[in-house]
Amino acid sequence: NAGVTQTPKFQVLKTGQSMTLQCAQDMNHEYMSWYRQDPGMGLRLIHYSVGAGITDQGEVPNGYNVSRSTTEDFPLRLLSAAPSQTSVYFCASSYSNIQDTEAFFGQGTRLTVV
Amino acid sequence: GQQVMQIPQYQHVQEGEDFTTYCNSSTTLSNIQWYKQRPGGHPVFLIQLVKSGEVKKQKRLTFQFGEAKKNSSLHITATQTTDVGTYFCAGPGAAGNKLTFGGGTRVLVKP
């Protein structure tokens, strides 16, 4: 099993550009989520999904879109990148409700918006 | 909303010494999870505590859940350089289906 795979690992965007961060898991996990990590602020939830076809907002959803067309994939789209979106992005999955079970994290995508 | 606070934010430890990091919630938690993130790495699950007053050990790491289920601690004995990293606690979000992370304790070990 590869676990949770994120691509790309690094990305530099210009302000206003759009892009999609990819996340895939091969553990047949129902729950998937996206976090951003900024210095001194821990991990903040952007969006999450409890199953294919179902998504919901986390703490900091503005400027981001998600979709969940399959159990395996949960891409995160930046609509119009802004410097405030410079961060490290982590995708996480868990077998069921993330509150009750271990979360598995991807390797992260380090995004810089200039 | 529900908040999870961790102290200290930074911990400089001499190799071989013990230290403790603390996690406090503004609300009662049904459970609490702990994760470790090595420098440049991703968070890795360490443990979950569920019962009031629960204590669990993993080698040199001792995790405790408070009696009121509003706080937790991680105690590391005889710190080693392999303990370097950031330790996060995380609790259920107020609205369900969410995990709220504390700000983390970044541990630096002096050899």
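Everything numeric in this text was worked out from a predicted model, so none of it was measured. All chains are named by letter (A, B, ...) in the order of the sequence lines, taking the proteins before the strands, and each is independently numbered beginning at 1.
- Cluster membership check: A:F105 does not share its hydrophobic cluster with A:I46, using side-chain heavy-atom separations under 4.5 Å among Ile, Leu, Val, Met, Phe, Trp and Tyr.
- Proximity to chain B (any heavy atom under 4.5 Å) is restricted, for A:L45, to the side chain, taken from C-beta onward.
- In this structure, CZ on A:R68 lies 12.5 Å from OH on A:Y48, to the nearest 0.5 angstrom.
- Of the N and O atoms on the side chains of B:Y35 and B:Q33, at least one donor lies less than 3.5 Å from an acceptor on the other residue.
- Proximity to chain A is limited to the side chain of B:Q37, based on heavy atoms less than 4.5 angstrom apart.
- Residue contact with chain B, scored on non-hydrogen atoms closer than 4.5 Å, is absent for A:F104.
- Under 3.5 Å, the side chains of A:Y64 and A:R36 contain a donor-acceptor pair of N or O atoms.
- Of the two parts of A:E59, neither the backbone nor the side chain holds a non-hydrogen atom closer than 4.5 Å to a non-hydrogen atom of chain B.
- A chain of hydrophobic side-chain contacts below 4.5 Å, direct or via other Ile, Leu, Val, Met, Phe, Trp or Tyr residues, connects A:L43 to B:F45.
- A donor-acceptor contact closer than 3.5 angstrom is absent between the side chains of B:R38 and B:T86.
- Using a 4.5 Å heavy-atom cut-off against chain A, the contacting residues of residues 46-84 of chain B are B:Q48.
- Taken together through direct or relayed side-chain contacts under 4.5 Å among Ile, Leu, Val, Met, Phe, Trp and Tyr, A:Y35 and A:F74 form parts of separate hydrophobic clusters.
- One hydrophobic cluster, built from ILVMFWY side chains closer than 4.5 Å, holds both A:L76 and A:V60.
- Only the backbone of A:T101 comes within contact range of chain B, judged by heavy atoms closer than 4.5 Å.
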